[in-house]
2 protein chains.
Amino acid sequence: MAEAEAQHARAASLAHRVPDLAALELLLAVARLGSLGAAAREVGITQPAASSRIRSMERQLGVALVDRSPRGSRLTDAGALVTDWARRVVEAAAAFDAGARALRDRRDSRLRVAASMTIAEYLLPGWLLALHAERPDTAVSLLAGNSTKVAELLLSGEADLGFVEGLTVPSGLDATVIARDRLIVVTAPGHPWARRRRTLAARELAETPLILRERGSGTRQVLDAALGGLARPLIELSSTTAVKASAVSGAGPSVLSELVVGEELAMRRLVSIPVEGVSLQRELRAVWPTGHRPTGPARELLSLTRG
Amino acid sequence: MAEAEAQHARAASLAHRVPDLAALELLLAVARLGSLGAAAREVGITQPAASSRIRSMERQLGVALVDRSPRGSRLTDAGALVTDWARRVVEAAAAFDAGARALRDRRDSRLRVAASMTIAEYLLPGWLLALHAERPDTAVSLLAGNSTKVAELLLSGEADLGFVEGLTVPSGLDATVIARDRLIVVTAPGHPWARRRRTLAARELAETPLILRERGSGTRQVLDAALGGLARPLIELSSTTAVKASAVSGAGPSVLSELVVGEELAMRRLVSIPVEGVSLQRELRAVWPTGHRPTGPARELLSLTRG
DNA sequence: ATGAGGGCATAAGCTGGTCTTATGAGCGAG
DNA sequence: CTCGCTCATAAGACCAGCTTATGCCCTCAT
């Protein structure tokens, strides 16, 4: 439903109401450098082009963004706010780019990473951005699949470094824990659980039908193990995104990684329900073939993930 | 530094490597509808245009995104991953749009909202999206400022509903708590604190110079109160974004709302340091002039924020 | 079997936006 | 007073992406 309505709201298309990425980057440059001309130089266009671009952006948004003066340009109050929203769009685009770049360099690249879906979707783009910042020349490729697939790719030499999120380490691989991820119970804000005062007991959770990923997914494994194999599905969906959308629309409670619902929680499209009597932690691990300690770029990436 | 390097990495400009918003929306439509033609119809272009757009996107990314067949198109594995990254970009753009729209409708609009900076930046766009989904015709305007400014706007009748994040409710206003926000201590992953095993004592926190917002900001108030006015600044910056950037670059530890660092924590550009012996909770409140209970769209918005 | 319908691809031509170059004008510092 | 920085405006070139008009492929129903 949230999906459908977002769709509808978007009828006259976002792209017509939101400036394009180049314009947003230009705005960020103006904010940072304090001058249209300097910003233009940075993004590699001429000053008049920058001037016109900013102006048409202001026309499009119906708000003055910068105060122009003969000695530079500063953001207006509204401009500062818009710039922060723009920054979020640009950051998402940078993550997109980092991911896509890794996907493109599939063959013959220097560092081939295999990762489980959740990690590939939510964490890797950020790591790749950081890696790219430190070692701009490293070409990284990305293969995504479940734990078994990751293990296969590593053992067959088709990948150099893997990331898995299951409970166990596939045999033949060495691993190190790089982060702990907590699964949390979430509902739409309208759900009765969102109003309860007492924390939820594990038994209640086990008895309630939930919106879940399919059996065999990393998330489902952890939940089943924590509840003793009892998790009762209300709906089973095959992608994290679909589960989220379903939960947001109010179809029922769900259990998801806190990694993937950060935005939804902040925006209060979902609320987190405290649970007691059950440990929903899981480890995220970097893995590699036993004996083949990561070296070079793989080692670099690994150190970035652990900080 | 992260800033500067992102800059550098972006030299050949993101906009040239990331498809524009229209293309990303089209991709999402294809994913959802399973056909290029249907997706084209939904976004209001012809089928050949959609075909060409997707194709040039595949060329740009160097990856096949959809499997075309005479009976429809499905995403490839890589396409599914790319679509999820695209979705995040589009969501950020939708938040941008919701915010910008509210900023534009400054005058003569039906619902005028005044909010503190943090709330305006991180929460309001999401709420406005939700409000727009339920009441597409409501024009909302947004004014941002600190608590005092919000109070003024409400009392002078220039705003209908306010949101503040301080410890106290400005006099003359009624309030209701809509959410609890936790301040958390964060450092770059490389900082020594990121490796400590013991939780941090309040005294240690008070004795360590921190990267902070300026005195008078909501965040700083809460921290000063919690530590007994002792917070020691390493650097004082005037925007949350600047504080974040500084912390990410490793300049030192900082204390920030968990709202604003969700992404950074997920991407492990920052890590959270547990603290004991000090309560860093703060309430986010909706406020209105005493006696003037919110009605109509204001009431609607309020109910969305509380779920 | 055979035609209708939905799916996608290709080709040709037009349109519009956005860039560049060239120039002018305001303000401040030496 | 003039140099150097800022921004604005004007005119023309260019290119990306759209539409319209086709054609082929496959499936399903008659």
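Below, chain A is the first sequence line, B the second, and so on; all start at residue 1.
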- request: With side chain to side chain contact (heavy atoms under 4.5 Å, CB included) as the test, would you mind laying out the steps for A:Leu21 and A:Phe96 before giving the verdict?
  value: CA-CA 12 Å; A:Leu21 279 173; A:Phe96 180 108; over 6 Å; no
According to a strict under-4.0 Å criterion, is [X] in side-chain N/O contact with OP1 or OP2 of [N]?
X: A:Ser51; N: D:dC7; answer: no
X: B:Ser73; N: C:dC8; answer: yes
X: A:Ser35; N: D:dT6; answer: yes
X: A:Ser69; N: D:dT6; answer: no
X: B:Arg68; N: C:dG7; answer: no
X: B:Arg53; N: D:dC18; answer: yes

Please lay out, stage by stage, how B:Val30 and B:Arg74 fare under the test side chain to side chain contact (heavy atoms under 4.5 Å, CB included). CA-CA 8 Å; B:Val30 171; B:Arg74 283 220 77 59; over 6 Å; no
Item to check | Ring centroid separation A:Tyr122 to B:Trp85 under 6.0 Å | outcome: no
How many whole angstroms separate atom [atom1] of [X] from atom [atom2] of [N]?
X: B:Ile54; N: D:dC18; atom1: CD1; atom2: C1'; value: 15 Å
X: A:Leu21; N: C:dT18; atom1: CG; atom2: P; value: 14 Å
X: A:Gln47; N: D:dG4; atom1: CD; atom2: C1'; value: 14 Å
X: B:Leu26; N: D:dG17; atom1: CG; atom2: P; value: 12 Å
X: B:Arg41; N: D:dT19; atom1: CZ; atom2: C1'; value: 16 Å
X: A:Arg55; N: D:dC7; atom1: CZ; atom2: P; value: 11 Å
X: A:Leu33; N: D:dT6; atom1: CG; atom2: P; value: 11 Å
X: A:Asp67; N: D:dT6; atom1: CG; atom2: C1'; value: 14 Å

* Ion pair present between B:Arg68 and B:Glu58, side-chain N to carboxylate O less than 4.0 angstrom? -> yes
DNA chain D nearest-nucleotide lookup for A:Ser52 and B:Thr46: closer to the 5′ end is A:Ser52
Nearest-nucleotide check on DNA chain C, A:Arg71 vs B:Gly34; residue mapping nearer the 5' end is B:Gly34
- Message: Any heavy-atom pair between the side chains of B:Gln60 and B:His16 that's under 4.5 Å?
- Response: no
